[in-house]
Amino acid sequence: AQSVTQLGSHVSVSEGALVLLRCNYSSSVPPYLFWYVQYPNQGLQLLLKYTSAATLVKGINGFEAEFKKSETSFHLTKPSAHMSDAAEYFCAVSEFGNNFNKFYFGSGTKLNVKP
Amino acid sequence: DTGVSQNPRHKITKRGQNVTFRCDPISEHNRLYWYRQTLGQGPEFLTYFQNEAQLEKSRLLSDRFSAERPKGSFSTLEIQRTEQGDSAMYLCASSLGGSNTEAFFGQGTRLTVV
């Protein structure tokens, strides 16, 4: 089975500062990797996904993530934080088997943006 | 709105009661998933449907849980004889076929068992 580790359950940055949310995965096969964002009492919204086409993946709202196979990492970054980025972020890896994708999620990182 | 729809959004029930949640997936999606999310954790896989067939169930899904997807459209998740440990957010997701497709999530049903 796959697994995902998100380092730091809480990250706090100032508005305009760099956002870096860390994700490491374990997978026995080339992975499909995703970042989702969750606002309070809401479902998960896809930010971006890696599917082996390019190691640097650009997503919505100015976020991007870089797949580094040697480090088994898929960290999420944004050059300049906005107040509206305050939310919880989940990294996920999917395992394709039995003709469907089973998603394994990390425990999440809550991003706080200070004015 | 053509996203995944879940009802109700919130449910408070007494321990021992039965509850049922409904999920309406995106219409052209043949795959449907149920996940459970507890406070401070990421979503955990419960079960998966391809069309009307339930193809996989997690060991998290005890005998008190049952899910259906009649006619391959909407799905229901029923919990019988609820326990306080069942309190969680229940998320439904749907996706297209393929090996690298993302799941689209609904807003969830938050269950509180008192």
Side-chain angles (χ1 to χ4, degrees), chain A residues 1-10 21 23-25 27 29-54 57 59-60 65 67 87-110, chain B residues 1 3-10 21 23-26 29-51 53-60 88-112:
Chain A
Q2 323 290 351
S3 69
V4 175
T5 302
Q6 291 185 241
L7 293 176
S9 58
H10 291 80
L21 305 182
C23 172
N24 289 88
Y25 68 91
S27 173
V29 296
Y32 299 121
L33 296 159
F34 306 80
W35 274 100
Y36 284 85
V37 60
Q38 186 176 35
Y39 297 97
N41 295 313
Q42 300 292 318
L44 280 72
Q45 179 185 4
L46 181 71
L47 279 178
L48 51 80
K49 69 177 184 180
Y50 167 74
T51 57
S52 76
V57 182
I60 62 171
F67 171 68
E88 190 158 19
Y89 293 79
F90 292 93
C91 181
V93 61
S94 76
E95 173 185 80
F96 185 70
N98 199 20
N99 201 34
F100 80 103
N101 290 335
K102 182 185 287 186
F103 294 85
Y104 296 87
F105 288 86
S107 55
T109 298
K110 285 188 178 176
Chain B
D1 185 11
V4 178
S5 176
Q6 290 188 248
N7 287 290
R9 294 288 312 279
H10 303 273
F21 311 139
C23 171
D24 288 272
I26 294 172
H29 287 182
N30 61 342
R31 295 176 179 176
L32 187 145
Y33 310 78
W34 284 97
Y35 279 79
R36 181 171 67 186
Q37 185 180 21
T38 53
L39 207 60
Q41 298 297 318
E44 294 176 294
F45 172 79
L46 290 179
T47 191
Y48 160 73
F49 288 86
Q50 180 153 315
N51 300 311
Q54 187 175 20
L55 296 185
E56 184 157 335
K57 293 194 294 185
S58 164
R59 55 185 170 81
L60 292 175
M89 174 80 90
Y90 290 84
L91 294 165
C92 177
S94 68
S95 74
L96 293 168
S99 60
N100 62 359
T101 53
E102 65 270 30
F104 293 81
F105 283 81
Q107 293 186 308
T109 295
R110 181 167 294 285
L111 173 66
T112 302

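Below, chain A is the first sequence line, B the second, and so on; all start at residue 1. None of these values were measured; they are calculated from a predicted model. Note that these values count all heavy atoms, side chains included, but never hydrogens, waters or copies made by symmetry.
The two residues B:Gln41 and A:Phe90 come nearest to each other via the heavy atoms O-CE2, 3.7 Å. Across all non-hydrogen atoms, the minimal contact from A:Gln42 to B:Arg9 is NE2-NH2, 4.1 Å.
With rounding to the nearest 0.5 angstrom, the CD atom of B:Glu102 is 11.5 Å from the CD atom of A:Gln45. To the nearest 0.5 Å, atom CZ of residue A:Phe105 and atom CZ of residue B:Phe45 are 11.5 Å apart.
By the neighbour-count criterion of 12 heavy atoms within 6.0 Å, atom NZ of A:Lys110 is sparsely surrounded, having that number or fewer from other residues, nucleotides or ligands. Heavy-atom neighbours of B:Leu39 CG from other residues, nucleotides or ligands within 6.0 Å: at or below the threshold of 12.
Only the side chain of A:Lys49 comes within contact range of chain B, with heavy atoms under 4.5 Å apart. Looking at A:Tyr39, neither its backbone nor its side chain comes within 4.5 Å of chain B, counting heavy atoms on both sides. With a threshold of 4.5 angstrom between heavy atoms, B:Thr101 approaches chain A through its backbone and through its side chain. With a 4.5 angstrom heavy-atom cutoff, B:Gln6 does not touch chain A via any of its atoms.
In terms of non-hydrogen atom pairs under 4.5 Å with chain B, the most contact-rich of A:Leu44, A:Val4, A:Asn41, A:Thr51 is A:Leu44.
Formation of a donor-acceptor pair under 3.5 Å by the B:Tyr33 side chain with backbone atoms of A:Phe103 is not found in this model.
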